[in-house]
Number of protein chains: 2
Amino acid sequence: MTAPKLHRSLIQNMEMFRALSDDELDRTLEHAQPRRLLPGDAVYRQGELAGYFFILLHGTLKVVQATAEGEQVVVRFVSPGDVFGIARMMRRPDYPATVLAVQESLVLAWPSSEWERMVAANPQLTGNALQTVGQRLQSAHSRIRELSTEEVEQRVARAILRLLDQSGRTSDEGRIEIDFPITRQDIAEMTGTTLHTVSRILSLWKERGIVENARKRVIVLQPDELIRYAEGAQGSRHPEPA
Amino acid sequence: MTAPKLHRSLIQNMEMFRALSDDELDRTLEHAQPRRLLPGDAVYRQGELAGYFFILLHGTLKVVQATAEGEQVVVRFVSPGDVFGIARMMRRPDYPATVLAVQESLVLAWPSSEWERMVAANPQLTGNALQTVGQRLQSAHSRIRELSTEEVEQRVARAILRLLDQSGRTSDEGRIEIDFPITRQDIAEMTGTTLHTVSRILSLWKERGIVENARKRVIVLQPDELIRYAEGAQGSRHPEPA
DNA sequence: CGTGAATTTGACTTTCCTCAAATGGTGTGG
DNA sequence: CCACACCATTTGAGGAAAGTCAAATTCACG
């Protein structure tokens with residue numbers, strides 16, 4: 001009774017496993033379990049013991065942290081190829097956040113204990129993990145800088161540009177769309193504002209022909225204009241007097 | 001002509017070098033250069049090539065990031081025993097921030113290239129670094145959560161409590177003081193507000209007997225009250241009607 | 001179709017920033 | 001040792017940005 005075969009092509013191009021030999025990739029996959037998720041399903045929840053770590057193969061996930069008062073903050077969205085749930089690699093016993101599927105998704109799960117074996121066989125894995133965490137620290141500091149010094153419109157522009165960069169799908173005539181369902185509330189939780197303010201900003205941008213809005217979708221018509229806002233152009237919320 | 005001897009007791013109790021043998025500690029120290037800093041001196045500046053990494057032996061440093069518009073954000077304060085400047089360990093070529101002495105300080109500097117040798121001899125070092133960076137990521141996320149969901153007074157309370165925890169000096173009768181010079185501007189740059197607002201908040205707290213203020217100093221008389229504010233008690237900025 | 005979630009929009013309020021000015025403390029050079 | 005210059009801090013007044021509260025509207029899905 002063998003588990004269904006997972007071919008190494010699934011993971012061989014992933015950042016974290018770069019430079020692993022074919023043999024080692026195969027050995028690694030022997031301990032991986034695939035899990036399918038439907039929209040809204042949780043991979044794990046904040047506070048649980050970090051028994052597994054994961055790679056996303058397909059779909060999109062949302063990492064959220066809840067505050068003591070029950071509000072939420074979106075930490076990041078996970079794209080295919082990303083590792084997540086690596087608390088134990090940092091010697092943390094529990095998961096610091098909850099991970100939810102926003103689309104149908106497919107992940108590979110490894111028992112956290114497997115990490116030790118993998119590292120023993122492949123010392124540069126720790127270095128890869130360190131690089132990954134270092135990049136996340138970087139982008140967390142960027143967010144802190146933005147939340148500290150920029151206004152809401154600017155932060156929303158940045159957030160959308162970042163999402164386009166990470167998961168943008170180009171359709172006809174330069175229209176770029178965020179390739180997964182995302183609500184105004186989500187954007188608010190990424191930028192430290194309210195869904196009302198996000199809605200107002202998107203409405204304004206629509207009037208100016210910069211975006212098109214739909215339910216759980218954002219379509220950008222003029223990315224260059226968005227870049228201008230992100231870099232601090234005054235949105236001049238109040239139309240100037242004639 | 002030998003370099004001045006550095007004894008291993010200087011670094012043997014430090015988180016990053018835990019579990020290194022005495023021999024290895026000695027070997028490590030052979031490549032370390034001590035540097036003395038006066039208040040205001042920079043250890044390195046944002047954007048420089050990350051040629052060295054460091055441990056702080058004595059004093060206090062401030063890590064700051066400048067925005068494109070010239071504003072500043074305080075990333076963290078460095079206390080004795082902390083490692084910093086570890087960009088290269090994360091495979092980043094340059095320093096992402098500037099580090100300034102806020103007091104007379106003493107650091108040990110290693111050429112970044114030394115890291116390779118040390119890791120080769122002591123594989124668990126990478127794990128230690130991963131843990132350290134993981135903790136910083138954690139606390140960056142806490143800050144994002146706070147900036148996104150809390151009001152200024154609450155954030156200032158938290159910032160001060162964190163500083164007390166990190167560098168509090170207890171004097172007589174439960175008075176705790178932040179053990180290095182810190183300005184209202186610094187606190188503002190830690191919490192995403194202005195020095196004016198920080199000043200107003202501290203003045204209010206003084207009226208209520210929670211703190212005592214002096215130039216470049218914060219003395220806390222009632223830490224428990226501060227904890228209440230940090231956890232969301234309404235400061236009720238406007239005194240209630242009689 | 002109807003039901004509920006997502007979104008939009010308006011009116012009002014609050015928080016906090018900006019601008020301005022005065023005050024207070026420190027260390028330094030004469 | 002004192003005076004002055006500079007930095008840090010305080011405080012006030014006014015205004016702007018964004019939150020809150022409330023309600024209507026739209027849309028997708030069952």
Side-chain angles (χ1 to χ4, degrees), chain A residues 38-40 62 69 71-72 102-104 146-157 159 178 180-207 211-219 229 232-241, chain B residues 38-40 62 69 71-72 102 104 146-157 160 178 180-189 191-207 211-219 229 232 234-240:
Chain A
L38 298 180
K62 182 171 70 164
E69 283 74 30
E71 292 170 290
Q72 271 195 353
V102 299
Q103 279 184 318
E104 190 183 338
E146 292 162 17
L147 285 164
S148 296
T149 64
E150 298 178 355
E151 309 205 326
V152 172
E153 188 179 44
Q154 204 173 344
R155 303 202 305 263
V156 171
I178 296 173
F180 55 83
I182 184 169
T183 66
R184 308 288 179 265
Q185 177 74 36
D186 287 330
I187 297 172
E189 288 173 0
M190 296 179 70
T191 53
T193 180
T194 63
L195 76 163
H196 307 278
T197 298
V198 172
S199 176
R200 281 183 241 269
I201 288 171
L202 288 177
S203 295
L204 190 75
W205 288 350
K206 185 171 70 180
E207 276 178 31
V211 301
E212 224 163 80
N213 296 322
R215 179 173 262 235
K216 291 197 179 188
R217 298 227 96 80
V218 177
I219 301 139
Y229 286 125
Q234 291 306 325
S236 124
R237 217 77 104 266
H238 307 285
E240 56 243 60
Chain B
L38 298 179
K62 182 171 72 166
E69 282 75 30
E71 292 172 289
Q72 271 196 352
V102 300
E104 191 184 338
E146 291 162 17
L147 285 164
S148 298
T149 63
E150 298 178 354
E151 309 205 326
V152 173
E153 188 179 43
Q154 204 172 343
R155 303 202 304 262
V156 172
I160 290 177
I178 296 173
F180 55 83
I182 184 169
T183 65
R184 309 286 179 265
Q185 176 75 36
D186 288 330
I187 298 173
E189 288 173 0
T191 53
T193 181
T194 62
L195 75 164
H196 307 279
T197 298
V198 171
S199 175
R200 280 184 241 270
I201 288 171
L202 287 178
S203 294
L204 189 75
W205 288 350
K206 184 170 72 181
E207 276 177 29
V211 301
E212 226 163 77
N213 297 323
R215 199 195 177 93
K216 292 198 178 188
R217 297 227 98 78
V218 175
I219 301 138
Y229 286 124
Q234 291 307 325
S236 125
R237 216 76 104 267
H238 308 286
E240 58 244 58

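Residue numbers start from 1 in every chain, and the chains themselves are labelled A, B, ... in the order their sequence lines are given, proteins ahead of strands.
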- Note on the structure: Note: Q154(B) and Y229(B) closest approach over all heavy atoms is CG-O, 3.3 Å
- 5' precedence on DNA chain C between R200(A) and T193(B) (nearest-nucleotide basis): R200(A)
- Message: For a quick test of reading the model: is some side-chain N or O of T197(B) closer than 4.0 Å to OP1 or OP2 of dC16(C)?
- Response: no
- Query: Can you tell which of T194(A), I201(A), L195(A), V156(A) makes a side-chain contact (heavy atoms from CB on, under 4.5 Å) with R184(A)?
  - Reply: L195(A)
- Counting only distance, no hydrogens or angles, is the base of dT9(C) paired donor-acceptor with the side chain of H196(A) under 3.5 Å? yes
- Message: From CD of E69(A) over to P of dG19(D), roughly how many Å is that when rounded to an integer?
- Response: 17 Å
- Item | K216(B) NZ to dC6(D) P, straight-line distance once rounded to whole Å | 16 Å
- Below 4.0 Å: OP1/OP2 of dT26(C) and any side-chain N or O of R215(B): no
- Task: Look at T194(A) and dT20(D) and indicate whether a side-chain polar atom (N or O) is within less than 4.0 Å of OP1 or OP2.
- Result: no
- Could you pull out the closest heavy-atom pair between E146(A) and R155(A), with the gap in Å? O-CD, 3.5 Å
- Query: Which whole-number value in Å describes the distance from E151(A) CD to dC17(C) P?
  - Reply: 11 Å
- Donor-acceptor contact present, side-chain N213(B) to main-chain K206(B), <3.5 Å: no
- Task: Figure out the CG/P separation between L195(B) and dG24(C), and round it to whole Å.
- Result: 18 Å
- Query: Rounded to the Å, how far apart are R217(B) CZ and dT10(D) P?
  - Reply: 15 Å
- Item | Whole-Å gap separating P (dA17(D)) and CD (E150(A)) | 15 Å
- Checking all strands, does S199(A) fall into the base, sugar-phosphate, or nothing category for heavy-atom contacts under 4.0 angstrom? base
- Query: Is the shortest heavy-atom distance from the side chain of D186(B) to the side chain of K62(B) under 4.5 Å?
  - Reply: yes
- Task: Please state how far atom CD in E212(B) lies from atom P in dT10(D), giving the value in whole angstrom units.
- Result: 13 Å
- Can you tell me if the side-chain N/O atoms of S203(B) get under 4.0 Å from OP1 or OP2 in dT9(D)? no
- Message: Assuming nearest nucleotide by heavy-atom distance, tell me which of R155(A) and R184(B) is located more 5' along DNA chain D.
- Response: R184(B)
- Nearest-Å distance for atom pair CG/C1', residues N213(A) and dT25(D): 15 Å
